[in-house]
Colleague: 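One structure is given below, represented as structure tokens, and several questions about it will come after.
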Amino acid sequence: MAIDTGLLVDCADLNAAGGVRQIILTDLDNITAVAPTTYTNGTLSSVTSGTPWARFENKQGMAAMTVSGTKENGATKYEIGVSFYIPNCLGAQFEMLRQIEDSCPVAIVELFSGTRFIVGWSYVYQNQGEGAAPWVRSQNYANLTSIEGGSGTAITDENGVTVTLTATQYELPLEYTGAITTVSGDVTATTA
């Protein structure tokens with residue numbers, strides 16, 4: 001790839017909203033199709049899942065996506081972090097988080113600007129499996145790296161947990177341009 005063009009910054013870029021509106025998660029095994037099937041312009045226009053995605057709202061101002069890249073021996077590796085705060089410790093909420101522990105999550109992170117990024121998905125270094133689904137045995141998915149928080153000690157303390165997912169990828173997060181439709185009492189979503 002040649003360096004043949006640059007980027008401009010305009011007023012809309014300087015006034016873009018930060019923060020994360022919502023995070024939806026599915027297991028890598030649930031993904032049945034993607035478009036395009038090969039890397040094109042840093043975007044995924046469609047991710048089809050055999051089951052709905054789990055939808056996580058969070059306390060406003062307490063969720064973030066971070067990107068950290070390093071280059072070693074000619075290969076660039078990116079650590080993509082997604083953290084979000086779930087207020088009010090409840091057994092039902094902890095049970096929902098337990099589902100992430102032993103899975104291979106793929107996340108779509110929607111920013112307040114409206115831009116969406118897919119985390120835990122990469123075209124680079126996919127394992128080549130049978131058929132048209134080379135991602136089936138991908139090792140680029142996200143991992144649950146921490147759950148921190150609790151009840152606090154004073155009545156005015158925060159009561160909740162911060163969940164952190166981390167994905168090791170070999171390309172920057174791809175922008176997701178497909179549709180997200182919230183369903184099932186707002187706790188799940190579908191993609192197209």
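Quick caveat: nothing in here was measured; it's all calculated off a predicted structure.
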Colleague: Can you tell me which residue pairs pass the side chain to side chain donor-acceptor pair (under 3.5 Å) test with a partner in residues 64-73, sequence neighbours excluded?
Modeller: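 Passing the test, one end in residues 64-73: no pairs.
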Colleague: Specify the closest pair of heavy atoms between Asn140 and Thr168, including all atoms of both residues, with the distance to one decimal.
Modeller: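 Minimum heavy-atom separation between Asn140 and Thr168: OD1-O, 3.5 Å.
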Colleague: Same cluster or not: Tyr39 versus Leu28, using hydrophobic residues (I, L, V, M, F, W, Y) connected whenever any side-chain heavy atoms lie under 4.5 Å apart?
Modeller: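 Yes, because Tyr39 and Leu28 connect within a single hydrophobic cluster, where side-chain heavy atoms sit under 4.5 Å apart.
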Colleague: Go through the structure and list residues passing side chain to side chain donor-acceptor pair (under 3.5 Å) with Ser103, not counting sequence neighbours.
Modeller: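 Ser103 satisfies side chain to side chain donor-acceptor pair (under 3.5 Å) with no residue once adjacent residues are dropped.
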Colleague: Would you indicate whether the side-chain heavy atoms of Glu110 and Ile24 approach each other to under 4.5 Å?
Modeller: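 Side-chain contact under 4.5 Å: no.
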Colleague: Who passes side chain to side chain contact (heavy atoms under 4.5 Å, CB included) against Asp4, sequence neighbours left out?
Modeller: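 Side chain to side chain contact (heavy atoms under 4.5 Å, CB included) list for Asp4, sorted by chain: empty.
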Colleague: My understanding is that a hydrophobic cluster links ILVMFWY residues whose side chain heavy atoms are under 4.5 Å apart, including indirect links. Using that, what else belongs to the cluster containing Phe117?
Modeller: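 Val20, Ile23, Leu25, Phe56, Met65, Val67, Tyr78, Ile80, Val82, Phe84, Ile86, Phe94, Leu97, Ile100, Val109, Leu111, Val119, Leu144, Ile147, Val161, Val163, Leu165, Leu172, listed by chain and number.
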Colleague: With sequence neighbours left out, what residues match Thr162 under side chain to side chain contact (heavy atoms under 4.5 Å, CB included)?
Modeller: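 With neighbours one apart ignored, the set is Ser83, Tyr85, Thr164.
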Colleague: Run the side chain to side chain donor-acceptor pair (under 3.5 Å) test against Thr188 and tell me which residues pass, sequence neighbours left out.
Modeller: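 If we apply the side chain to side chain donor-acceptor pair (under 3.5 Å) test to Thr188, skipping adjacent residues, the hits are Ser184.
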Colleague: Could you pull out all residues at least two apart from Glu57 that satisfy salt bridge (Lys or Arg N to Asp or Glu O under 4.0 Å)?
Modeller: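 For Glu57, the residues satisfying salt bridge (Lys or Arg N to Asp or Glu O under 4.0 Å) (neighbours in sequence not counted) are Arg55.
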Colleague: Please answer whether the main-chain N or O of Gly120 pairs with a side-chain N or O of Gln169 as donor and acceptor at a distance below 3.5 Å.
Modeller: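 Judged by distance alone, yes, a pair lies under 3.5 Å.
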Colleague: Please report the shortest heavy-atom distance between Ala63 and Asn58, naming the atom on each side.
Modeller: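 Closest approach of Ala63 to Asn58: CB-OD1, 3.3 Å.
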Colleague: Apply side chain to side chain contact (heavy atoms under 4.5 Å, CB included) to Phe112 and list each qualifying residue two or more places apart in sequence or on a separate chain.
Modeller: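 So Phe112 forms a side chain to side chain contact (heavy atoms under 4.5 Å, CB included) with Ala17, Arg21, Gln60.
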Colleague: Rounded at 0.5 Å granularity, tell me how far OG1 in Thr32 sits from CG in Asp29.
Modeller: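 The CG atom of Asp29 is 12.0 Å from OG1 of Thr32, to the nearest 0.5 Å.
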Colleague: For a quick check under 3.5 Å, do Glu175 and Thr43 share a side-chain donor-acceptor pair by atom type?
Modeller: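 There is no such pair (donor and acceptor under 3.5 Å, judged by atom type) between the side chains of Glu175 and Thr43.
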Colleague: Which atoms form the tightest heavy-atom contact between Ser46 and Ala192, and what is the distance?
Modeller: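 Heavy atoms only, the tightest pair is OG-C, 3.4 Å.
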Colleague: Can you confirm whether Leu14 sits close enough to Val9 that some side-chain heavy atom of one is under 4.5 Å from a side-chain heavy atom of the other?
Modeller: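 Sidechains of Val9 and Leu14: in contact.
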Colleague: Are the side chain of Ser151 and the backbone N or O of Asn159 linked by a donor-acceptor pair below 3.5 Å?
Modeller: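 Judged by distance alone, no pair lies under 3.5 Å.
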Colleague: Give the intermediate values and the outcome of side-chain contact (heavy atoms from CB on, under 4.5 Å) for residues Thr115 and Tyr176.
Modeller: CA-CA 8 Å; Thr115 303; Tyr176 176 72; over 6 Å; no
Colleague: Would you say that Ile108 contacts Thr191 through its side chain, given a criterion of any heavy-atom pair below 4.5 Å between the two side chains?
Modeller: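 Contact flag for Ile108/Thr191 side chains = yes.
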Colleague: List the residues meeting side chain to side chain donor-acceptor pair (under 3.5 Å) with Glu101, not counting sequence neighbours, and say none if there are none.
Modeller: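 With neighbours one apart ignored, the set is empty.
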Colleague: Can you tell if the side chain of Val34 reaches within under 4.5 Å of the side chain of Thr48, non-hydrogen atoms only?
Modeller: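 No. Closest side-chain heavy atoms not under 4.5 Å.
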Colleague: Please, which pairs that meet salt bridge (Lys or Arg N to Asp or Glu O under 4.0 Å) have at least one residue in residues 148-168, sequence neighbours excluded?
Modeller: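 Counting only pairs at least two positions apart or across chains, the salt bridge (Lys or Arg N to Asp or Glu O under 4.0 Å) contacts touching residues 148-168 are Lys59-Glu158.
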Colleague: Count the heavy atoms belonging to other residues, nucleotides or ligands that lie under 6.0 Å from CG of Asn41, then report whether that count exceeds 12.
Modeller: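 Open: at most 12 neighbouring heavy atoms sit under 6.0 Å from CG of Asn41.
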Colleague: Just by distance, do the side chain of Asn15 and the backbone of Ala12 share a donor-acceptor pair under 3.5 Å?
Modeller: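 Side chain of Asn15 to backbone of Ala12, a donor-acceptor pair under 3.5 Å: no, none is there.
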Colleague: Keeping Arg116 on the side-chain end and Ala179 on the backbone end, is there a donor-acceptor pair under 3.5 Å?
Modeller: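 Looks like no, no N/O pair under 3.5 Å.
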Colleague: Taking atom CH2 of Trp53 and atom OG1 of Thr182, what is their separation to the nearest 0.5 Å?
Modeller: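 Between Trp53 CH2 and Thr182 OG1, I get 13.0 Å after rounding to 0.5 Å.
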Colleague: Residues in side chain to side chain donor-acceptor pair (under 3.5 Å) with Lys77, at least two apart?
Modeller: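 With sequence neighbours excluded, Lys77 shows a side chain to side chain donor-acceptor pair (under 3.5 Å) to no residue whatsoever.
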Colleague: Looking only at side chains, do Asn30 and Thr51 share a donor and an acceptor under 3.5 Å apart?
Modeller: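 Yes, Thr51 and Asn30 have a side-chain donor paired with an acceptor closer than 3.5 Å.
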Colleague: Taking only residues two or more places apart in sequence, or in another chain, which ones meet Leu90 in a side chain to side chain contact (heavy atoms under 4.5 Å, CB included)?
Modeller: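 So Leu90 forms a side chain to side chain contact (heavy atoms under 4.5 Å, CB included) with Asn88, Gln93.
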Colleague: Taking the side chain from Ser45 and the backbone from Ala35, do they hold a donor-acceptor pair closer than 3.5 Å?
Modeller: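 A pair under 3.5 Å: yes.
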